[in-house]
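Worksheet: the structure to be examined is printed underneath.
Letters go in sequence order (proteins before strands), and every chain restarts at 1.
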Protein chains: 2
Amino acid sequence: MNGKPLVSIISAGMTKFGKHEGLLTRELFAEAALEAFGRCPKLEPKQDIKAMFIGHMGEAYEHQGHTGSTLADWAGLTGIAATRTEAACGSSGAALRSGIYAVLSGLADVVIVGGVEKMTHRTTAEVTEYLAMASDYPFEQFHGITFPGLFALMANAHMHAYGTTEEQIGMVAVKNHYHGTLNPKAQMQKEVALQNVLSSKYVAWPLKLYDCSLITDGASCIILTKPELAKKYTDQPVHIVGSGQASDTIGLYERQTFTSLNATKLAAKEAYEMANITPKQVNLAEVHDCFTIAEILHYEDLGFCNTGEGGKLVETGATRLGGTIPVNTSGGLKSKGHPVGATGTAQVYEMYLQLTAQADKRQVKDAEVGLTQNLGGSGATATVHIYRRDN
Amino acid sequence: MNGKPLVSIISAGMTKFGKHEGLLTRELFAEAALEAFGRCPKLEPKQDIKAMFIGHMGEAYEHQGHTGSTLADWAGLTGIAATRTEAACGSSGAALRSGIYAVLSGLADVVIVGGVEKMTHRTTAEVTEYLAMASDYPFEQFHGITFPGLFALMANAHMHAYGTTEEQIGMVAVKNHYHGTLNPKAQMQKEVALQNVLSSKYVAWPLKLYDCSLITDGASCIILTKPELAKKYTDQPVHIVGSGQASDTIGLYERQTFTSLNATKLAAKEAYEMANITPKQVNLAEVHDCFTIAEILHYEDLGFCNTGEGGKLVETGATRLGGTIPVNTSGGLKSKGHPVGATGTAQVYEMYLQLTAQADKRQVKDAEVGLTQNLGGSGATATVHIYRRDN
């Protein structure tokens, strides 16, 4: 592929992330779709869009499966081919990959890809139980471990192997909360001081309350087409030049290491090779900071720094807005929020804003090449995509 | 496309359908995958297969989501891109469509597509509740209607509009149970007399116990590649020459009619046009007989007979083995069983056996062109695929 655009993004939409009382999943998604349609007046949604892929993680929240067709109908696209993809919190990253396949196949010139989750109407205990379905039932859930515990094992291993400190891990939260103050769609638009992170309650040692992402309602979507058709719809497309998807064992207990996620490495390798770039050429990234420690692992697995140096990277400020490689300018899952099925395409939404110079107060200057990384569970699924601004 | 192969099937696998006590979803699927690998000794699964799409409907059965990566791992394919697709009982039909996109995209030359469901360890009440998630929560489930009731509304409407009789509807069960006796992998390998169907207990008038498909454990899969690579792997590929997928409103209450399923019609139109054939050229079909009345609707929506004449078609014996268009030679969902996520690719498995002359006692003589139709819910998703024997 050698750096040529695979497909082009011609529009994007996203609800505010947070608490949307009284709305159904389908209503949330329709709001995101309407924003995307509104941004692209040359698109005739009902006529042009040929397929829909929807990342949606949990049927239990609303006792509702069969989400693809339902959302297509409520977005005014009744009749089109609509498929839900599920890969835990990586569900809409997998939807994006499926949408890229569809456009490249020649069977669907314009597709809508998105994700949605409505979570806040459930109790924290219910949400914890539903999220746990993304881990291994017989060998993890059954024994009582949930996601904070799984990521705490990774944090512990990383601290032991590389001397990463609780302070460094907490700095991810501080940075992403700062970024969130600049994003009007973020769930928590408030800064937190490192001391507050460190003195927050332990959830699973060494991870504390402020090391955990949020429980959120939200939806996001993008519209893709062939690069040669993009200018028919918009003057400002964003091109996807690399795509990678990979898997790993669902349970941590079978992995070779706890300090690195192999699915991310495999997906990154595929995406970098397709885009024909090195990590050094990436100007900004949105990565899957479901827990602060995860962001540190991703720095290393994506090649933004050497193995073991993720903690130092955040400490230097390199990944803060204004640094050499700003990460999670949207606020990330930590501050923007984490409506699980919607997260993957919400990352793409931020990249679309950044690479079309619409990111306002959090705009990365001269951003040209961006990367998103979306994770499922404790790393059994990862997708990595690379984007390039139109010239 | 004009009748040219889109992709080719080089192998297929399926567990026996029925009760598999003590097995997990992942173990069931591995059994189907191993059959497919064993049938195709020239395939190096770990090296050649680049992506996996898995139809799986319910997370609740095993409190387990994130099925794609889990099944990839247990099938010995750890690391590959693996995505679960969910479109209710049409989940693996949607997986097939996604697999076709992937092969046509040029990003994945060989893909595995399959489906799985483990249901029998749950009570009938639990299964009914889990299946209900495929219908509309606020406007159907909430008011207490479940799938037998929804299909009963269709049966009632069809009887009223066209004079279709309970006897004709029951003949679908008689035929499919006969076919099931010829399929060693069918769950119920026993004939039923029309009188027994008619005297079985009403579940939702006019549908009786013997009008309903079964609760089943099972898994199925196929392996797809580009037509030009097929002969590298097997002397007997089966070509997919048409593919259609469409959606409809999730709730029946918004449909224009109860006597026809528009998603099937739309998907069939797309598939027939791609294959460049008319319904008269189809030699055999596997259709989604979740309830007997559904098969009658499908005859009409797929163009095997005129509108309103589905009841008469089964009465003439045309759709029985030996007739002009044998339907559900596998036994169908009614007798082979209906492990919901596995059903779509189990239909393809039957087509693969028929079009490679491996269907033994139920072989359709000189079968050249086949069709499969997979349905989600009460018709909010439909996929239609058309197959051609290799010359």
For [X], I'd like to know if atom [atom1] has over 12 heavy atoms of other residues, nucleotides or ligands within 6.0 Å.
X        : atom1 : result
A:Tyr253 : OH    : yes
B:Lys269 : NZ    : no
B:Glu228 : CD    : yes

Rounded to the nearest 0.5 Å, how far apart are [atom1] of [X] and [atom2] of [Y]?
X        : Y        : atom1 : atom2 : result
A:Met52  : B:Gln245 : CE    : CD    : 12.0 Å
B:Asp248 : A:Thr70  : CG    : OG1   : 11.0 Å
A:Phe53  : B:Thr83  : CZ    : OG1   : 10.5 Å

Legend entry - Within-4.5 Å side-chain heavy-atom neighbours: A:Ser91 and B:Arg84: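 In short, these two side chains do not touch, never coming nearer than 4.5 Å.
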Legend entry - Polar side chain donor-acceptor pair, B:Ser69 to A:Thr381, under 3.5 angstrom: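 A donor-acceptor contact under 3.5 Å links the two side chains.
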Give the member of [options] that has the highest number of heavy-atom pairs under 4.5 Å with chain B.
options                              : value
A:Gly65, A:Ala60, A:Ala88            : A:Gly65
A:Asp136, A:Thr67, A:Leu24, A:Leu77  : A:Asp136
A:Ala382, A:Pro138, A:Gly251         : A:Pro138
A:Gly90, A:Ala87, A:Gly244, A:Ala263 : A:Ala87

Legend entry - Taking every non-hydrogen atom, the tightest pair across A:Glu62 and B:Tyr137: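 Here A:Glu62 and B:Tyr137 meet closest at O-CG, 3.5 Å.
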Inset, instruction - Write down the atom of A:Ser135, the atom of B:Gln64, and the distance for their closest heavy-atom approach. - result: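 Between these two residues, the closest heavy atoms are O-NE2, 2.8 Å.
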Tell me, out of [options], who's got the most heavy-atom pairs with chain A below 4.5 Å.
options                               : answer
B:Gly58, B:Gly68, B:Gly79, B:Ala51    : B:Gly79
B:His56, B:Arg97, B:Glu86             : B:Glu86
B:Ser98, B:Gly376, B:Ala72            : B:Gly376
B:Cys89, B:Ala102, B:Ala94            : B:Ala102
B:Ile54, B:Val103, B:Thr249, B:Ile100 : B:Thr249

Inset, instruction - Taking heavy atoms only and a threshold strictly under 4.5 Å, list by residue number the residues of residues 126-134 of chain A that touch chain B; give 'none' if the list is empty. - result: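 Result: A:Glu129, A:Met133, A:Ala134.
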Inset, instruction - Please assess A:Glu254 against B:Thr78 for the test side-chain contact (heavy atoms from CB on, under 4.5 Å), listing each intermediate value before the final yes or no. - result: CA-CA 11 Å; A:Glu254 285 190 296; B:Thr78 325; over 6 Å; no
Inset, instruction - For side-chain contact (heavy atoms from CB on, under 4.5 Å), just list the numbers for B:Leu107 and A:Glu270, CA-CA rounded to whole Å, side-chain angles, deciding distance to a tenth of an Å, and then say yes or no. - result: CA-CA 11 Å; B:Leu107 297 185; A:Glu270 185 183 5; 5.6 Å; no
Inset, instruction - Please state whether the side chain, the backbone, both or neither of A:Gln141 comes within less than 4.5 Å of a heavy atom of chain B. - result: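 It is the side chain, since no backbone atom gets that close.
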